[in-house]
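Notes for the one structure printed next.
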Amino acid sequence: MQAHAQETSRLAALEHALGSGDASERAVALEAYAALGAADLPAIRARLRELRRAADPLASTRALDAFRHAVGSRRADDVVDVAPGVALVLAQERGRQTVGAAAGILLERVGERLSTTESLGCVTELAAWGGDGMRQEAQRIAVRMGPRLAPVVIAARSSDERAARRWAEWAGGRLGLGEPGRFLAGLDDELVPDVLLALASARVMTAVPVVISFIDAPRSSTRAAAREALTMYGQNSIWVARDTYRIRTGEPADPEWGWRHTLDALFSVIDNARDEVVEADLARATAALGSGDRGSAWESLERALRHAPEPSGTTAGAAMLRLAELDLEVDDLAAAQAHVQVAERLELSPEDAPRRLALAELIAAERRLEAGVLDSDAYGRASEADPTCERCMELHARFEEAGTTTGPTPWRLWLATAAFLALGLLLWPTRRSAAIEPESRAEPTADVSAPNEEADATLPG
């Protein structure tokens, strides 16, 4: 508690520097605000509340208008960032209310910069500030942040502060939160988990059927969030859980089961069904790889990863690396590179991890050679990463021994040879001149120009 108070006092000291008549001191304070991070969030939220309680809404509105005018805006509904106007206004006017409003803007921007659900809660503090200026600023932030702000808006609808609730109703209407299903359907995947948890935390009962539809989502983070959200709903989720269990199994859930037991049974049914599908697809992929059928192997792997983008176990990762090796055998570098990149996000065994690194280095070296550039070091790194990679060792040894851009395929060999022949043709006149006897160079023919005579004179004898 004492440490928390000290951090809040430190922010108050920053405001004092922000209102200094010394421009350099203000500049240092601005840099300090920009350096605040996630560890400062509790103190930031506390300081924003202190500033709000001490603020005069009318004076804050005048300050916000001044910041906005300083960046060239003359309309309150302009979606502009007023933060750059803070330094410009403070260079001229540094009253207590102006400095307080400036500090509020700068502290909120820390949360906006971090862009996490926790940090974006700072916007609610501005929305609760009071006065048209901060209300309009909170609305501008909502427009600027869009759906990323949805969890904060959902939470703010039950805020203790009337101004924050009014802002949340406005922002929620703009985002379309009144229809959770439609809103979530158009949301980026990475934003869905936070919204699901926010809906459950706010006890939005109309969202329960929507939340349960995500318990079988491909992304593990979304599935986990949906299941946690249903747990947060508790007994209020049991009716939808029973209906979903019946649809999934064709049998009714035991009426003696409580809500927790019903959810667990439902999750188990879903997970078992997915695991069976994924395991069958991985088995088909492994069989196709054994027969060298790249097309069928990729179809099965793609289907498995569509059902489970983050499958448990190392089978998918090993299969993807084997597919990349088959790609290399037919000289399909683009496909090999794409499949190694997919393997980067899959679980790999201790044996396959160095194998992936070696393939990545080998493919990069081959693509550079394809462009006529020999990177023998990359072949060396590939062979060092995985000494069991015969292809890596063979190519590294070949280039080390020959000292030429010999490629692993005929057409690349032709490309490398052509490059060296072109270089040889460019150097041929110099080599020819160097082979001429000294007395022959001393007696040029009549049609040799003076510049060429001078050039000849510079050649080694």
Side-chain angles (χ1 to χ4, degrees), residues 282 285-286 288-295 297-298 300-302 304-305 309-311 313-428 430-431 434:
L282 291 178
T286 301
L289 290 169
S291 63
D293 187 348
R294 293 193 306 145
W298 171 240
S300 297
L301 279 170
E302 186 181 34
L305 294 177
E310 300 156 349
T314 60
T315 304
M320 196 62 70
L321 292 179
R322 179 55 188 151
L323 180 57
E325 290 171 343
L326 291 179
D327 295 331
L328 284 174
E329 289 180 11
V330 296
D331 203 34
D332 191 344
L333 295 181
Q337 188 171 48
H339 294 148
V340 168
Q341 288 172 345
V342 173
E344 289 179 0
R345 64 176 176 80
L346 300 176
E347 184 179 352
L348 296 174
S349 68
E351 295 78 20
D352 284 335
R355 182 178 163 209
R356 183 195 66 77
L357 290 174
L359 284 172
E361 289 286 3
L362 177 61
I363 292 167
E366 293 283 80
R367 300 214 75 165
R368 283 194 281 273
L369 187 60
E370 190 177 50
V373 178
L374 170 62
D375 185 354
S376 59
D377 289 342
Y379 289 103
R381 290 192 297 271
S383 59
E384 289 175 6
D386 183 12
T388 68
C389 176
E390 295 180 1
R391 185 186 182 96
C392 303
M393 302 295 286
E394 177 190 348
L395 291 175
H396 180 51
R398 183 189 304 177
F399 291 136
E400 286 253 301
E401 180 181 351
T404 63
T405 54
T406 305
T409 60
W411 77 267
R412 272 205 294 272
L413 174 60
W414 177 87
L415 178 63
T417 304
F420 272 88
L421 285 175
L423 181 61
L425 288 173
L426 289 173
L427 295 177
W428 181 76
T430 302
R431 293 172 180 167

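Only a predicted model underlies this, so the values are computations on that prediction, with no experimental measurement involved.
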Contact summary for V340 and A360, nearest pair of heavy atoms:
CG1-CB, 4.1 Å

Contact check, side chains of L333 and D327, non-hydrogen atoms, under 4.5 Å:
no

Show the nearest heavy-atom pair for residues A382 and A358, with the distance to one decimal.
O-CB, 3.3 Å

Salt-bridge test for R355 and E325: reply yes if a basic N is under 4.0 Å from a carboxylate O, no otherwise.
yes

Return the CG to CG distance between L346 and D352, rounded to the nearest 0.5 Å.
11.0 Å

Whether the side chain of E347 engages the backbone of T314 through a donor-acceptor N/O pair (distance < 3.5 Å, no angle test) should be reported.
no

Side chain to side chain contact (heavy atoms under 4.5 Å, CB included) for V342 and L323? Distances and angles first, verdict last.
CA-CA 11 Å; V342 173; L323 180 57; over 6 Å; no

Please give me the minimum heavy-atom distance between A304 and L282, naming the atom from each residue.
CB-CD2, 4.0 Å

Quick check for you: to the nearest 0.5 Å, what is the distance between T315 atom OG1 and M320 atom CE?
12.0 Å

Identify the heavy atoms of L348 and A318 that sit nearest to each other, and give their distance.
CD2-N, 4.3 Å

Output for pair (L359 CG, E366 CD), nearest 0.5 Å, gives 11.0 Å

Out of curiosity, R367 CZ to L362 CG, how far, rounded to the nearest 0.5 Å?
12.5 Å

For L305 and R345: C-alpha separation, side-chain torsions, deciding distance, then whether side chain to side chain contact (heavy atoms under 4.5 Å, CB included) applies.
CA-CA 11 Å; L305 294 177; R345 64 176 176 80; 4.1 Å; yes

What distance do R294 atom CZ and L301 atom CG have between them, rounded to the nearest 0.5 Å?
13.0 Å

Looking at every non-hydrogen atom in both residues, tell me the closest pair between A297 and A288 and how far apart they are.
N-CB, 3.5 Å

Compute whether any side-chain donor of one residue and acceptor of the other, for Y379 and E361, lie under 3.5 angstrom apart.
no

Could you pull out the closest heavy-atom pair between G380 and S383, with the gap in Å?
O-OG, 2.8 Å

Atom OG1 of T286 and atom CZ of R322: how far apart are they, to the nearest 0.5 Å?
11.5 Å

